[in-house]
Chemist: 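For reference, the structure I am asking about is given below.
Sequential numbering from 1 along the given sequence is applied to the chain's residues. Owing to the predicted nature of the structure, the values given are computational and were not obtained by experimental measurement. All ligand and atom numbering here is 1-based and tracks the order in the structure.
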Amino acid sequence: MIESKMIVAINEQINAEFYSAYLYLSMASYFESKNLMGFANWMRVQAMEELTHARRFYAFLSSRSARIILTAIDAPPIEWTSPLHVFEEALEHEHKITASINSLMNLSMDLRDHAMTSFLQWFVTEQVEEESNVDAVIQSLKLVDNQAAGWFLLDKDLATRAFLPPVGLTI
Ligand code: FEO
């Protein structure tokens with residue numbers, strides 16, 4: 001049995017994860033419009049990962065007989081000034097998601113919901129990776145001084161990122 005406060009908070013997180021997918025798809029489309037298809041690939045893979053995050057929350061709520069309430073997803077931004085600007089905004093977004101996961105963790109501990117705390121631990125670890133992945137691209141963009149010649153080199157690297165569907169989790 002999950003406390004209603006916790007159910008509301010997880011439903012909000014499901015919305016945040018779907019918004020993350022929207023945001024990264026919007027970023028992918030921006031890169032496609034600049035013919036930076038490797039950057040676009042990286043963002044599309046990221047969007048897929050966000051859908052699996054939403055699905056993990058959905059599946060967990062469902063397994064504990066709680067109702068999933070889907071709500072409207074805000075429109076994401078559509079324009080940025082450069083690839084560095086895109087990734088800096090992505091990192092800022094991931095910091096917000098990390099803060100919301102930490103709040104969920106605090107709530108589950110306050111409510112002594114041990115099953116939820118254990119479930120959320122995966123997301124605590126995942127957020128470290130999420131921030132680190134985005135920051136790695138930021139550091140590469142800074143190394144090439146955020147210049148077009150460097151973008152094309154990085155584009156080839158980012159084209160190799162592939163989506164690995166989590167075992168046992170369907171969307
Ligand atoms: Fe679902 Fe990028 O955090």
Side-chain angles (χ1 to χ4, degrees), residues 2 6-32 36 38-64 66 68-78 80 83-109 113 115-141 154 157-171:
I2 310 186
M6 194 80 237
I7 296 173
V8 168
I10 297 289
N11 271 304
E12 285 170 0
Q13 188 64 31
I14 289 173
N15 182 285
E17 300 292 348
F18 277 122
Y19 174 79
S20 301
Y22 244 38
L23 174 65
Y24 294 131
L25 268 185
S26 185
M27 289 172 168
S29 174
Y30 165 84
F31 284 123
E32 281 163 24
L36 290 166
F39 280 91
N41 171 67
W42 195 99
M43 284 296 173
R44 280 197 308 274
V45 171
Q46 190 60 33
M48 290 295 288
E49 288 209 355
E50 300 301 348
L51 292 178
T52 67
H53 294 170
R55 181 67 182 109
R56 271 180 202 274
F57 281 111
Y58 179 115
F60 189 71
L61 272 194
S62 184
S63 73
R64 294 186 68 192
I68 292 95
I69 308 290
L70 297 176
T71 52
I73 303 166
D74 289 342
I78 57 171
W80 293 270
L84 182 58
H85 185 211
V86 176
F87 276 86
E88 283 174 341
E89 290 216 339
L91 185 56
E92 196 181 312
H93 178 70
E94 287 303 330
H95 286 156
K96 283 186 200 153
I97 295 292
T98 299
S100 64
I101 296 288
N102 288 341
S103 296
L104 290 175
M105 189 58 125
N106 292 341
L107 181 60
S108 75
M109 291 194 291
D113 186 339
M116 184 63 79
T117 301
S118 168
F119 166 75
L120 288 170
Q121 189 58 54
W122 184 91
F123 282 94
V124 171
T125 307
E126 174 72 359
Q127 278 311 116
V128 173
E129 192 185 315
E130 291 278 272
E131 291 186 17
S132 163
N133 288 345
V134 177
D135 194 47
V137 181
I138 290 176
Q139 296 315 316
S140 297
L141 282 164
L154 280 176
D157 267 3
L158 299 183
T160 61
R161 186 181 188 193
F163 173 66
L164 300 172
V167 177
L169 191 74
T170 53
I171 293 189

Chemist: Carefully, step by step, assess Phe60 and Trp122 under the rule ring-ring contact (aromatic ring centres under 6.0 Å, His included).
Modeler: CA-CA 12 Å; Phe60 189 71; Trp122 184 91; over 10 Å; no
Chemist: Tell me which N, O or S atom of His53 sits nearest to atom 1 (Fe) of ligand 1.
Modeler: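 The His53 atom nearest to atom 1 (Fe) of ligand 1, restricting to N, O or S, is ND1.
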Chemist: With atom 2 (Fe) of ligand 1 at the center, what angle do OE2 from Glu94 and OE2 from Glu50 span, rounded to 10 degrees?
Modeler: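 Once rounded, the angle between the two atoms at atom 2 (Fe) of ligand 1 is 100°.
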Chemist: If you apply the rule side chain to side chain donor-acceptor pair (under 3.5 Å), what do you find for Gln127 with Glu131, and how did you get there?
Modeler: CA-CA 6 Å; Gln127 278 311 116; Glu131 291 186 17; 4.9 Å; no
Chemist: Suppose we only allow N, O or S atoms; which atom of Glu130 ends up nearest to atom 2 (Fe) of ligand 1?
Modeler: OE1
Chemist: Would you check if there is a donor-acceptor pair between the side chains of His53 and Glu50 at a distance under 3.5 Å?
Modeler: yes
Chemist: For the ring pair Phe39 and Tyr30, is the centre-to-centre distance below 6.0 Å?
Modeler: no
Chemist: Taking atom 1 (Fe) of ligand 1 as the reference point, name the nearest N/O/S atom of Glu17.
Modeler: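 Going through the N, O and S atoms of Glu17 one by one, OE1 ends up nearest to atom 1 (Fe) of ligand 1.
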